[in-house]
Every structure is written in C-alpha cells, then in structure tokens.
Amino acid sequence: MSSTLKNVGDFENGLDSKSGYGGGVKDVYGEDSATEDQLITPWTVSVASGYTLLRDPRYNKGLAFIEKERDAHYLRGLLPPAILNQELQEKRIMHNLRQYEVPLHRYTAMMDLQERNERLFYKLLIDNVEELLPVVYTPTVGEACQKYGSIYRRPQGLYISLKEKGKILEVLKNWPEKAIQVIVVTDGERILGLGDLGCQGMGIPVGKLSLYTALGGVRPSACLPITIDVGTNNEKLLKDEFYIGLRQKRATGKEYAELLDEFMTAVKQNYGEKVLVQFEDFANHNAFDLLAKYSSTHLVFNDDIQGTASVVLSGMIASLKLVGGTLADHTFLFLGAGEAGTGIAELIALEISKRTEAPLEETRKKIWLVDSKGLIVSSRSESLQHFKKPWAHVHEPVKELVDAVKAIKPTVLIGTSGVGKTFTKEVIEAMASFNEKPLILALSNPTSQSECTAEEAYTWSKGRAIFASGSPFDPVEYDGKVFVPGQANNAYIFPGFGLGLIISGAIRVRDEMLLAASEALAAQVTQENYDKGLIYPPFTNIRKISAQIAANVAAKTYELGLASHLPQPKDLVKYAESCMYSPIYRNYR
C-alpha cells in the first residue's frame, strides 16, 4: 500500500514544523512525520527492547523483525528464526479468520490482534474493509456488547462510573496517552437497536475509534474510548454474575447531569478546546439535551443524530440521478421519530431550504414522521416530546404505517425505528403502487432489527425499489437480474468528518459542515455505481472518500471562521491525505 505520509511542508500549507502531524498533535519522536523508509526509534518510557518490545502493540511487528533489528533490540531467541513480512502476516491472519464460522469468534480474534500488533490490525482492516467492517462494527459488535462481560480480556478504554464523581479529571490523567484528539463516549443506554447494555456498551466506542483510524486515518494514540457507567435498568445484566458494571439502577436527573457536566469540563481542561467529543448511543432524552447543552461550548458531535443524518442525506442527493427531480420534489415518510429519524429529517429540511431559499418551517412540511402512536400530527402537539414538535403537521390521525403510506404517498420511506420486520409486504407494495422507483431505506441495526431485508424490498417491489440498509445484506437475484443493496453506514461519514475537524483545528461543529460532508460523499458515487442501483460508493475506496469529505468539511470550517489551524492549506485534499496514519511497519534503529 502506498504511503500517504509525506513531508507536509511540501504543500506549503503553513503547518508548524514541530507538529509533524496534520492534526496538530506534537510528534515528539518523528513517528508520523517520517516517511516509510526512514528509521524511527521505538520509544515507550525508554527505548523498547526485548520482551517489552514484543509486548508493546504499537511497536511489535511479530515475525517481521529483520535480522538487524533482532540484534539491536535483544530479540534473539525470543522469536522463531523465520522472517515474515507484513503482507505475509496479513495473508496468514486473513486465512485464519476465514476459518471461523461464528462472527463473534472473528471479532475476538481481531480484538486480540489489536492488543498485540496495532499496525497489522489496521493494515488488515484497511486492505479488507468490506469483509472486516461487519466484524469490528455492526452487526457483530452488537453481539459483542451483549456478551462483553464474558469475553472481556483487558481494558480498551476508560471506565468512568458514579464512583469517580469528583475525581474525573484524575481518572482522565490515568490514561497513558496525553495528546488526545477524538473521544467517543457512551453511557450504554441505547446500544444500536439492542437497548440498555450498561457498562458493556464499551464495544461501541472501541469499534467506532478503530474506524476513525482505519477509514479516516486518525492516529490510534490520539483516540480515547470512554464508557460512563451510571448503572443499568437491564435486569438480566444486573443478575449476570459476569456483568462488569455498577450493579444498580440508572442514575437520572441531577445526579446524572452533574456527572456529565464534570466529565465535559474535565475533558476540556485536560485535552483542550479542540478535542472532538462524539456522543454515541445515548437514549433520546439525554442525547438531544447533551448536544444542545454542549454544542456552544465544546467541539461535540452526535453520530446517531448528525452522522446518520449526513449519510442518509448523501444517499438522497445521489439518488436524484436515478429517480429524477430535486429534493424539494420528494415527500419523505419516516418510521421512527427518535435521534436518528428527527436528525435525518432536520438535515434534509436544511438542505432543501439551502437549495430553494424557502424558510425551514416550509421545507419541514415535506417530511412526515410515524412513531409508536402513529403519524405525528398537530392534534398530538401537547403530548409530544420537544424534538418531535417541529414535525407535527396538519392531518387527521393515522395509527398504522401502511395507512400513513397510503395517505401521505411518500416517494421516500425511511426506517429508523429499531424494530425489525415493520416494512411489511403491504407497505412495500403500497410504495411501489404510486412510485416507479420507490426509495426504501431500512436503517435500523443490527441486521435482526432491520425494517425489512434487501430480498423483501426487491421482491415485493418487483425489482423497482432503490434500497439501502444500515447493516449489510448480500446481493439479491430477482427476475434474472442481480441487485446489489447499498449500505447507509455512518462509517462513510464520521471518520472523514472527524479528520476534517482535526486538520482545520475546528472549535465547534455546525450544520453547514454536515451538509458539506453529505455533498462530498454523494459526489463520490460513479456512473458504474448508479448502473448497479447503488446510491453509495463501495467501501474499497473509503480512505480516498474520507479525504474528500475531510477536505470539504475543513473548507467549510475555514469559511465559517471556526478553524484555528492557520493559514489554510492550499490543497486540502492532499493535506488530508498527508495527515492520515499509515499502518505500514517502520524500520527500527
């Protein structure tokens, strides 16, 4: 794999030469500013050597240590005599992974690899992204979280519980890495579509941050997974002898708010103004409040609300080439009015408003939402949660989804309900009855919670649906034609989005940056992709896609005056690529 690490000074972008890393973290030992053929020193507290070197995942190369390195670093006798280069190691591990029939076994094998050989783990993930993404992330990560207490081996992030109240800053200082750029934090209350998994939700921040590195090129040492443990209301976990979290009901109200406030204050105090805090899998009632509370004082991002919205909007923009018209010509119906549903709806309304110059209040009227009580209409306004109220339009009450489809006649049907099998045959057939090419997005994760399968969408629409899902589905053959379902996966957006914030030194996140990310992703869909009915590009090119997204987001950050890395680089795409972590082994002195 060719290196993306160059001397960034070549781009005349004004980067501080002491930084050595485009994200702005000082590269003390020249590890990231070095080209792949330059020698580096494997520093830990001192120069790592012997058994210590083999136990350090950042510098361990296993059987790839050459003769000179084995002599210099006291490795003679600690390794078998054979020397296997990184490509051969990769081939061997992929062969071994493919022998496992149970996805969770592949997951644990990948986590074990990450703990012993960091660069090989990321090279494997980058080179085999389409095969391994479902292993380290959804859907397998959901099962891993459910069984996290049983498969727990060693800490992969920080656990901050109610026991640490008043001492959170001290806890953050216990983490060995000091130059943190991205934190992914969860309280485990709403893990994917699986509900409250408490402390065992740690698998989500760990998985997300592995994708920040593999897909977005953020250095692993700059990433910090955190789980905030305030208890769990999951009775099964509370009774599980292997549960690793606090054995108490969830703290709420003032106690919860004070812990989160102390956490956010400590993060800013310890890591500075420009550390990105990504909220992940918080329950609706907390997710919206946290985002609203801290978006004006911290660099915060909620992937469930904003990341999902951005990737779905990108699919909408790309789909116009297949279905015709503009976004404003379409009518949208959502099943699910939580974080994802309302987040997507708002970003679509913002994009339509931007393109038509119509008021946001008007563009929202093209978008309808169905929750557990039926269609959200104005007569329900008084009983609605605050984040649902903008979507309460004038219409008679409708209880069932299929009746809402027939009444509203949407061109786009989007599922964010977290409930499987809700796009029934009757619903899909109704969509196909008044749309030549109905656009159907079944976004709930994991696969078991998907509103419908790809096969159902294509079969019930007689091969006319344009389909995308949250979790991956295999290609479907219908009426002699092979359909390749798209995947509206947040992994398209958040790694590149985060990289864009880092390279520009952003201090706040704004909706315009999310729109920029959506437009950059949509622009990466080729005619060849459209010919297959795809509205997202293949993951095989994800690093190039992430660089384009990062450049677009960074450009918008500079335009809004929210960037702190000045002057602005002349070529933001090249600059983004130059800042990306490369997993290629380095040669040691």
| said: Within the 3.5 Å criterion, strictly below it, is a donor on Asp281 or Thr186 matched to an acceptor on the partner's side chain? | reply: no
| message | For Lys268, I'd like to know if atom NZ has over 12 heavy atoms of other residues, nucleotides or ligands within 6.0 Å. | response | yes
| In terms of side-chain geometry, is the basic nitrogen of Glu177 or Arg58 positioned less than 4.0 Å from the acidic oxygen of its partner? | yes
| Does the pair Lys61/Glu69 count as a salt bridge with the N-to-O cut at 4.0 Å? | yes
| message | Could you measure the distance from the CZ atom of Arg247 to the CD atom of Glu241? Nearest 0.5 Å is fine. | response | 8.5 Å
| note | dist Leu501:CG -> Lys556:NZ (nearest 0.5 Å) comes out at 14.0 Å
| message | Minimum heavy-atom separation for Pro57 and Gln114, please, with both atom names. | response | CB-O, 3.8 Å
| task | State plainly whether the residues Asp229 and Lys163 are in salt-bridge range, i.e. N to O under 4.0 Å. | result | no
| request: Please check if the side chain of Gln200 supplies one atom and the backbone of Gly149 the other of a donor-acceptor pair under 3.5 Å. | output: yes
| field | Heavy-atom closest pair, residues Gly307 and Asn490 | value | C-ND2, 3.9 Å
| task | For the residue pair Leu194 and Cys145, establish whether any side-chain heavy-atom pair is separated by less than 4.5 Å. | result | no
| task | Just say parallel, tilted or perpendicular for the rings of Tyr159 and Tyr152, cut-offs at 30° and 60°. | result | perpendicular
| task | For Ser471 and Thr138, test the side chains for any donor-to-acceptor distance below 3.5 angstrom and give the result as yes or no. | result | yes
| Check against side chain to side chain contact (heavy atoms under 4.5 Å, CB included), Cys223 and Thr213 | CA-CA 8 Å; Cys223 297; Thr213 298; 3.9 Å; yes
| Test item: Ile204 and Leu197 side chains (from C-beta on) under 4.5 Å apart, heavy atoms | no
| message | Return the CD to CG distance between Glu90 and Asn128, rounded to the nearest 0.5 Å. | response | 5.5 Å
| field | Nearest-0.5 Å distance, CD of residue Glu280 to CD1 of residue Ile183 | value | 14.0 Å
| message | I want to check something: taking the side chain as every heavy atom from C-beta on, are Met94 and Glu131 in contact at a cut-off of under 4.5 Å? | response | yes
| said: Are more than 12 heavy atoms, taken from residues, nucleotides or ligands other than Asn174, located less than 6.0 Å from that residue's CG atom? | reply: yes
| request: Considering only NZ, NE, NH1 and NH2 on the basic side and carboxylate oxygens on the acidic side, decide whether Glu101 and Arg106 come within less than 4.0 Å. | output: no
| message | With a 3.5 Å distance limit and no angle check, can you tell me whether Gln449 reaches the backbone of Leu192 through a side-chain donor-acceptor pair? | response | no
| Mind checking whether Leu39 and Tyr588 have side chains closer than 4.5 Å, heavy atoms only? | no
| query | What do the steps show when you test Tyr148 against Glu143 for side-chain hydrogen bond (donor to acceptor under 3.5 Å, both in side chains), and what is the final call? | reply | CA-CA 8 Å; Tyr148 208 77; Glu143 184 184 358; over 6 Å; no
| task | Might you confirm whether atom NZ of Lys236 has over 12 heavy atoms from other residues, nucleotides or ligands at distances under 6.0 Å? | result | no
| query | Is there a donor-acceptor pair under 3.5 Å between the side chain of Asn302 and the backbone N or O of Ile305? | reply | yes
| Under 3.5 Å side-chain donor-acceptor pair for Tyr137 and Lys208 | yes
| Is there a donor-acceptor pair under 3.5 Å between the side chain of Thr140 and the backbone N or O of Val136? | no
| task | Determine, step by step, whether Val300 and Arg508 satisfy the side chain to side chain contact (heavy atoms under 4.5 Å, CB included) criterion, reporting the C-alpha distance in whole Å, the side-chain angles of both residues, the deciding distance to 0.1 Å, and the verdict. | result | CA-CA 7 Å; Val300 292; Arg508 299 289 180 269; over 6 Å; no
| Between CG on residue Leu211 and CG on residue Leu133, distance to nearest 0.5 Å | 5.5 Å
| Between the side chains of Asn529 and Gln524, does any donor sit under 3.5 Å from an acceptor? | no
| request: Of all the heavy-atom pairs spanning Pro485 and Pro475, show the shortest one and how long it is. | output: CD-CA, 3.7 Å
| task | Taking only Lys NZ, Arg NE, NH1 and NH2, and the carboxylate oxygens of Asp or Glu, determine whether Glu67 and Arg76 approach each other closer than 4.0 Å. | result | yes
| said: Can you tell me how the ring of Tyr122 sits relative to the ring of Tyr581, calling it parallel under 30°, perpendicular over 60° and tilted otherwise? | reply: perpendicular
| Okay, side chain of His73, backbone of Arg589: is any donor-acceptor separation there less than 3.5 Å? | yes
| field | Point-to-point distance, once rounded to the nearest 0.5 Å, from CG of Asn234 to CG of Asp240 | value | 9.5 Å
| request: Identify whether the distance between the nearest side-chain nitrogen and carboxylate oxygen of Glu87 and Lys91 falls below 4.0 Å. | output: no
| Any donor-acceptor pair under 3.5 Å linking the side chain of Ser314 with the backbone of Ala520? | no
| said: When you compare the side chains of Asn117 and Asn60, does any donor N or O come within less than 3.5 Å of an acceptor on the partner? | reply: no
| message | Quiz question: by atom type and distance under 3.5 Å, do the side chains of Arg55 and Tyr51 form a donor-acceptor pair? | response | yes
| request: Decide yes or no for Phe494 and Gln306: does some side-chain heavy atom of the first lie under 4.5 Å from some side-chain heavy atom of the second? | output: no
| query | Is the shortest side-chain N to carboxylate O distance from Arg543 to Glu577 below 4.0 Å? | reply | no
| Going by distance alone, is a donor N or O of one side chain under 3.5 Å from an acceptor N or O of the other, for Gln181 and Tyr271? | no
| task | List the atom of Ile180, the atom of Val275, and the distance in Å for their closest heavy-atom pair. | result | O-CG2, 3.8 Å
| said: If we ignore hydrogens and angles and just use 3.5 Å, is the side chain of Ser564 paired with the main-chain N or O of Gly505 as donor and acceptor? | reply: yes
| Are any non-hydrogen side-chain atoms of Thr447 and Phe473 less than 4.5 angstrom apart? | yes
| Is there a side chain to side chain contact (heavy atoms under 4.5 Å, CB included) between Arg190 and Asp304 once you walk through the steps? | CA-CA 10 Å; Arg190 191 200 62 82; Asp304 305 301; 3.2 Å; yes
| field | Residue pair Pro80 / Leu63: nearest heavy atoms and the distance that separates them | value | CD-CD2, 3.5 Å
| said: Using ring-ring contact (aromatic ring centres under 6.0 Å, His included), reason through Phe301 and Phe279 one step at a time and then give a plain yes or no. | reply: CA-CA 6 Å; Phe301 170 68; Phe279 296 121; 9.8 Å; no
| Counting only N and O atoms by type, is there a donor-acceptor contact under 3.5 Å from the side chain of Glu164 to the main-chain atoms of Ser161? | yes
| Does any non-hydrogen side-chain atom of Val277 lie less than 4.5 Å from one of Tyr294? | no
| field | Donor on one side chain, acceptor on other, Tyr575 and Gln568, under 3.5 Å | value | no
| query | Do NZ/NE/NH1/NH2 and the carboxylate oxygens of Glu115 and Arg153 come within less than 4.0 Å? | reply | no
| message | Between Asn85 and Leu88 (side chain of the first, backbone of the second, donor and acceptor by atom type, cut-off under 3.5 Å), is there such a pair? | response | yes
| query | Can you check side chain to side chain contact (heavy atoms under 4.5 Å, CB included) on Thr227 and Asp187, steps first, answer last? | reply | CA-CA 6 Å; Thr227 291; Asp187 70 353; over 6 Å; no
| task | Mind listing the closest non-hydrogen atom pair of Val553 and Met513 along with its distance? | result | CG2-O, 3.8 Å
| message | Between Lys165 and Glu262, does any NZ, NE, NH1 or NH2 come within less than 4.0 Å of an OD or OE carboxylate oxygen? | response | no
| said: Would you say that Val206 contacts Pro225 through its side chain, given a criterion of any heavy-atom pair below 4.5 Å between the two side chains? | reply: yes
